[in-house]
Amino acid sequence: VVSDVGTVVVSDGGTDVESDGESDVGETDGETDGGETDELAQPIRINFQANGVPVPQGYVADTGLGYNNARGYGWVTQGSAGSANLTPLDLSSATRDRNEPGTQQSLDTLIHLQRPGLNAGWEYNLANGDYRVTAAVGDASYFDSRHLLRIEEQVFVPSFNPNENSPFSVVTGVVTVTDGRLSVDAIGGDNTKLNYLEIEAIATGDETDGGTDGGTDGGTECGAEGGT
């Protein structure tokens with residue numbers, strides 16, 4: 001279930017601080033009585049990027065590895081996303097680091113969910129409950145996509161046609177997980193590219209402001225120069 005979605009098209013300049021490695025991913029403690037979500041130890045921030053390039057500060061690098069239950073997240077075939085029987089998919093060849101001047105690393109990097117003959121989904125193990133999710137899609141260098149992102153089988157990032165002045169769309173909304181995993185795919189899009197995801201558990205009674213800020217917090221300011 002997806003609710004209270006806000007969207008911002010990003011075009012301002014800015015950079016973020018980069019780290020040399022990966023930080024720990026926030027973990028869930030399971031469910032409390034009555035099915036309420038325990039708060040994550042820390043917000044989950046995943047940056048989709050090529051292996052070996054700088055990781056934005058505060059993010060964990062996803063370099064396209066196939067889903068692994070022990071790791072708790074990863075890529076699967078689009079057809080298996082959201083199902084009980086996941087088919088892991090190595091998507092490492094679909095990662096990019098554009099190195100566009102003036103573009104922050106969390107948006108300068110990306111992964112293709114759709115390529116000729118290849119369509120992918122992404123899964124992340126989470127306790128059932130409500131989460132505030134921010135997703136960024138786009139490409140600092142190429143504008144030949146119609147980005148669309150679904151979470152839990154519902155449109156989360158609406159169809160977005162980028163251009164040189166507005167290369168990215170950042171969306172924040174509230175997502176309800178009911179099967180122990182957050183499921184992402186790009187069904188309905190064309191050459192969708194994902195930059196990063198941020199996931200934060202919503203404490204009981206804190207749903208009132210979920211997903212209404214349009215994704216303006218947490219490193220969404222950026223710029224992109226250059227073209228094809």
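All heavy atoms count here, side chains included; hydrogens, waters and symmetry mates do not.
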Q. Will you find, in the side chains of Ser92 and Asp90, an N or O donor that is under 3.5 Å from an N or O acceptor?
A. yes

**Q.** Heavy-atom donor-acceptor pair, Ser145 side chain to His147 backbone, under 3.5 Å
**A.** no

Q.
Over 60° means perpendicular and under 30° means parallel, so tell me whether Tyr73 and Tyr124 are parallel, tilted or perpendicular.
A. parallel

**Q.** Side-chain (Glu200) to main-chain (Val133) donor-acceptor, under 3.5 angstrom
**A.** no

(Q) Checking side-chain polar atoms at under 3.5 Å, does Thr77 have a donor or acceptor matched by the opposite partner on Ser80? (A) yes

Q: Search all heavy atoms of Val177 against all heavy atoms of Gly180 and return the closest pair with its distance.
A: CG1-N, 3.8 Å

Q. Can any side-chain N or O of Asp190 pair as donor or acceptor with the backbone N or O of Arg146 at less than 3.5 Å?
A. no

Q) Would you find a donor on one side and an acceptor on the other, under 3.5 Å apart, between the side chain of Asn195 and the backbone of Gly138? A) yes

Q) Where the side chain of Arg181 meets the backbone of Thr178, is there a donor-acceptor pair that is under 3.5 Å apart? A) no

Q | No-hydrogen, no-angle side-chain donor-acceptor test under 3.5 Å, Thr109 and Asn47 | A | yes

Q.
In the structure I gave you, are the side-chain heavy atoms of Arg98 and Thr103 within less than 4.5 Å of one another anywhere?
A. no

(Q) Treating Gln105 as the side-chain partner and Val55 as the backbone partner, does any N or O pair qualify as donor plus acceptor under 3.5 Å? (A) no

Q.
Using a 3.5 Å distance criterion without hydrogens, assess whether the side chain of Gln114 forms a donor-acceptor pair with backbone atoms of Gly189.
A. yes

Q) So, Glu198 versus Tyr59: side-chain donor-acceptor pair below 3.5 Å or not? A) yes

Q: Report yes if the side chains of Thr192 and Val157 come closer than 4.5 Å at any heavy-atom pair, otherwise no.
A: no

Q. Between Leu126 and Tyr131, what is the shortest heavy-atom contact and its length?
A. CB-OH, 3.9 Å

Q) Any donor-acceptor pair under 3.5 Å linking the side chain of Asp62 with the backbone of Gln49? A) no

Q: Could you state whether Val137 and Leu182 fall into the same hydrophobic cluster, counting links through intermediate Ile, Leu, Val, Met, Phe, Trp or Tyr residues with side-chain heavy atoms under 4.5 angstrom apart?
A: yes

